[in-house]
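The structure under discussion appears below in the form of structure tokens.
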Amino acid sequence: MENQKLAQMFDKIADALEIKGENRFKIIAYRKASQILNNLTSDIYDHYQNDELQKIPGIGEGIAKKIKEYFETGQIKKLKEAFQGLPESLLDLLSIPSLGPRTVALAYQKLKVKNLQDLEKAIRNGSLASLPGMGEKKIDNIMKGIEFLKKALGRIPLGKAFVMVNELLKELSGWEEIKQISPAGSYRRMKETVGDIDILVTSDDPKKVMDQFTALDIVARVKAKGPTRSSIETDEGFQVDLRIVDDTSFGAALQYFTGSKAHNVKLRSLAKDKGLKINEYGVFKDEKYVAGKTEEQVYQALGLEFIPPEMREDLGEIELAQKKIPRIISYDHFPGDLHIHSTYSDGESSLKEIVEEAMKYGYKFVGIADHSKSVKYAGGLSIEKLLEKNDEIDKLQKQYPKIRILKAAEVDILIDGSLDYPDHILSQLDVVIAAIHTGFSNDPEGRILKAMDNQYVHIIAHPTGRLLSQREAYNVDMDKLLEKASRSKKAMEINAYWDRLDLNDYDCRKAREHGVKLAIGTDSHHISGMWQMVLGIGVARRAWLTKKDIYNFDI
DNA sequence: GCCGTTTTCGGCCCGACTGTTTTCAGTCG
């Protein structure tokens, strides 16, 4: 599918136009087109073939023309044009928090700053400080931004990896040469960020598999190619390793390459104690193979219960597996999502679409939570609009009796800690999610604490602020929040958004210490984003949460 | 660039915050 590729191209055009200071609405239009393409569940090529591009809301004459041009000539002239007299490396600078297009443009024009190295130099020799409107604090913030970016570089947010890996698995599973397939590594353990992506397969025709793999569309560079392991870099800069192993070793290899390193070290030492040897080929006793076909067999051979990948960090799971692994929350058993945005605010799916999709997932309930009235940029709902939406939910509920449709809202915690809807409105909602979206430096902790006093609030979303900006988090004392949440019986939300996870497994463990329930909400803005639930549950599993740790709407 | 229209042009989301200013520009969500 070319959806993502086109989306990237439009995003790049938007970036370039932004640096050039073009009409901001034009830029918004390109960004929107990019977002639409990213979220589209169908293949854009089909729309092109049926001459129905402009039927997609947000795609007009200009964008449609460019999509056509792309399918007919393989390129978009506008992209080149947008970069006329602009080095492409400037785009990297845009991802530095607190450094925006105006400053990038200025630094380029006045100081010839073209990339990160130039920028750092300009900071060191003081030339950046000489630019108009550039003071000590701004420079300081840019330096912090650079530091933040460098730390994040080279690791992929789980959400991004998830989408890519799934597409790749879908493609590879279709090859008849491949018999078994599984992702491994930190991706399989559902770490918050993933270094590179490991995929393990078994095959009778390794050469053909490797030939096809290194010739995939997404390949930008082949870093290594051999009969058992090939390594490629995708056009988005991700490294993907494909390993081919024997059927008899598949489980052992999967175990080995899933890690973590600490987990494997502990496992090997345990094996040694039992007079066994374990490596990526299998479990051996006196050089004789005893297990390795499946992971279950590997763990069994060591006298252990199967350990879910998300738990494999040597945090006591091996000791537990010698007796009884706790029954952590399972993907299959999760009953619903409480935090989905609809077209009423800034979501892209109608109530009906959300409900129908949720039923496909087998959800028992779905909470449709739109923004509250003060969040203007996200189309927050006036009270009238909220009530109108509630009426529509009532009607839908009659139409779909098998799923419980919850009247929810993501209600803003205002600057003074009060909530964006009055109590008599909140009381009409099934689920009230309180969250901060503005005034991040204005005592978020105090405001969240105050919001917890409201009897109608059920859930606190983005308590650490990770979702809100690229800045790391806002300064809250989690223990303090959790302590109060525990007293006031509020749940904290594990928010698994596209490129960020709000609560991590450490936060979740702390929540459990305090006896605070956790709500898993996707905060998705499109039905195609409901996979984010998998990430949220992944985090819950990493924290070894069981069903009773999870906030469940009482149905 | 998109969209709707009193149909070919004008509005498009907007406010807060920060740091720099002395009334505003840039960045962010």
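Throughout, a chain's letter reflects where its sequence line sits, starting with A, and its residues are numbered from 1.
In this structure, Leu99(A) places its CG atom 7 Å from P of dT27(B), rounding to the nearest Å. Between the P atom of dC24(B) and the CZ atom of Arg102(A) lies a distance of 17 Å, rounded to the nearest Å. Counting to the nearest Å, the P atom of dC28(B) and the CD atom of Glu18(A) are 9 Å from each other. At whole-Å resolution of the value, CE in Met143(A) and C1' in dG19(B) are 16 Å apart. Summarising the geometry, the separation between CZ on Arg31(A) and P on dG1(B) is reported as 15 Å, rounded to the nearest angstrom. Put simply, CD on Glu61(A) is 16 Å from P on dT8(B), counting in whole angstrom units. The distance between atom CD1 of Ile13(A) and atom P of dC2(B), rounded to the nearest whole Å, is 11 Å. One atom, CG of Asn23(A), and another, C1' of dC2(B), lie 11 Å apart when rounded to the nearest Å.
Listed candidates were dG26(B), dC3(B), dA16(B). Nearest to the side chain of Ile415(A) is dA16(B). Side-chain proximity of Lys138(A) to the nucleotides dC2(B), dC12(B), dG19(B) is greatest for dG19(B). Counting only heavy atoms from C-beta on, Asn442(A) has its side chain closest to dC17(B) among dC2(B), dG1(B), dC17(B). The listed nucleotides are dT27(B), dG1(B), dG19(B); the one nearest the side chain of Ala29(A) is dG1(B). Comparing dG26(B), dC13(B), dC2(B) by their closest approach to the side chain of Thr103(A) singles out dG26(B). Distance from the side chain of Arg24(A) is smallest to dC14(B) among dG1(B), dC14(B), dT27(B). For Ile63(A), the listed nucleotide lying nearest its side chain is dC2(B); candidates were dC2(B), dT20(B), dG26(B). Side-chain atoms of Asn141(A) lie closest to dG19(B) of the nucleotides dC2(B), dG1(B), dG19(B).
The aromatic rings of His371(A) and His341(A) sit tilted, their planes meeting at an angle between 30° and 60°.
Side-chain contact check for Asp420(A) and Ser372(A): at least one donor-acceptor pair (N or O, by modelled atom type) lies under 3.5 Å. With hydrogens and angles left out, the side-chain atoms of Tyr48(A) and Glu72(A) include a donor and acceptor closer than 3.5 Å. A donor-acceptor pair shorter than 3.5 Å can be found between the side chains of Asp479(A) and His514(A).
We find that Glu88(A) and Lys12(A) are joined by a salt bridge, their nearest charged nitrogen and carboxylate oxygen being less than 4.0 Å apart.
Of the residues near DNA chain B, Val375(A) and Ile59(A), the one whose nearest nucleotide (by heavy atom distance) lies more toward the 5' end is Ile59(A). Sequence order on DNA chain B of the closest nucleotides to Ala64(A) and Ile28(A) puts Ala64(A) first from the 5' end.
Within the 4.5 Å cutoff, no side-chain heavy atoms of Leu481(A) are placed close to those of Ile460(A).
Stacking of Lys112(A) on the aromatic ring of Tyr108(A) is recorded, both the 6.0 Å distance cut-off and the 45° axial limit being met.
Spacing between dT23(B) and dT18(B) at atom P, rounded to whole Å, works out to 22 Å. Taking atom P on both dC2(B) and dC13(B), the two are 15 Å apart, rounded to the nearest angstrom. On the C1' atoms, dG11(B) is 15 Å away from dT6(B), given to the nearest whole Å. Rounded to whole Å, the P atom of dT21(B) lies 30 Å from the corresponding atom of dC14(B). Going from the C1' atom of dG15(B) to that of dG10(B) covers 23 Å, rounded to whole Å. Taking atom P in both dT20(B) and dG26(B), the straight-line distance is 14 Å, to the nearest Å. With both ends at atom C1', the span from dC12(B) to dG19(B) equals 29 Å, rounded to whole Å.
Among the atoms of the strands shown, only primed sugar atoms or phosphate atoms (P, OP1, OP2) are found under 4.0 Å from some heavy atom of Tyr30(A). Using a 4.0 Å heavy-atom cutoff across all strands shown, Pro101(A) reaches sugar-phosphate atoms only and no base atom.
The side chain of Lys66(A) contributes an N or O atom lying less than 4.0 Å from OP1 or OP2 of dG1(B).
For dT18(B), the base is anti relative to its sugar; the glycosidic angle deviates from 0 by more than 90°.
Of all nucleotides present, none satisfies the Watson-Crick or G-U wobble test against dT8(B) with each distance under 3.5 Å.
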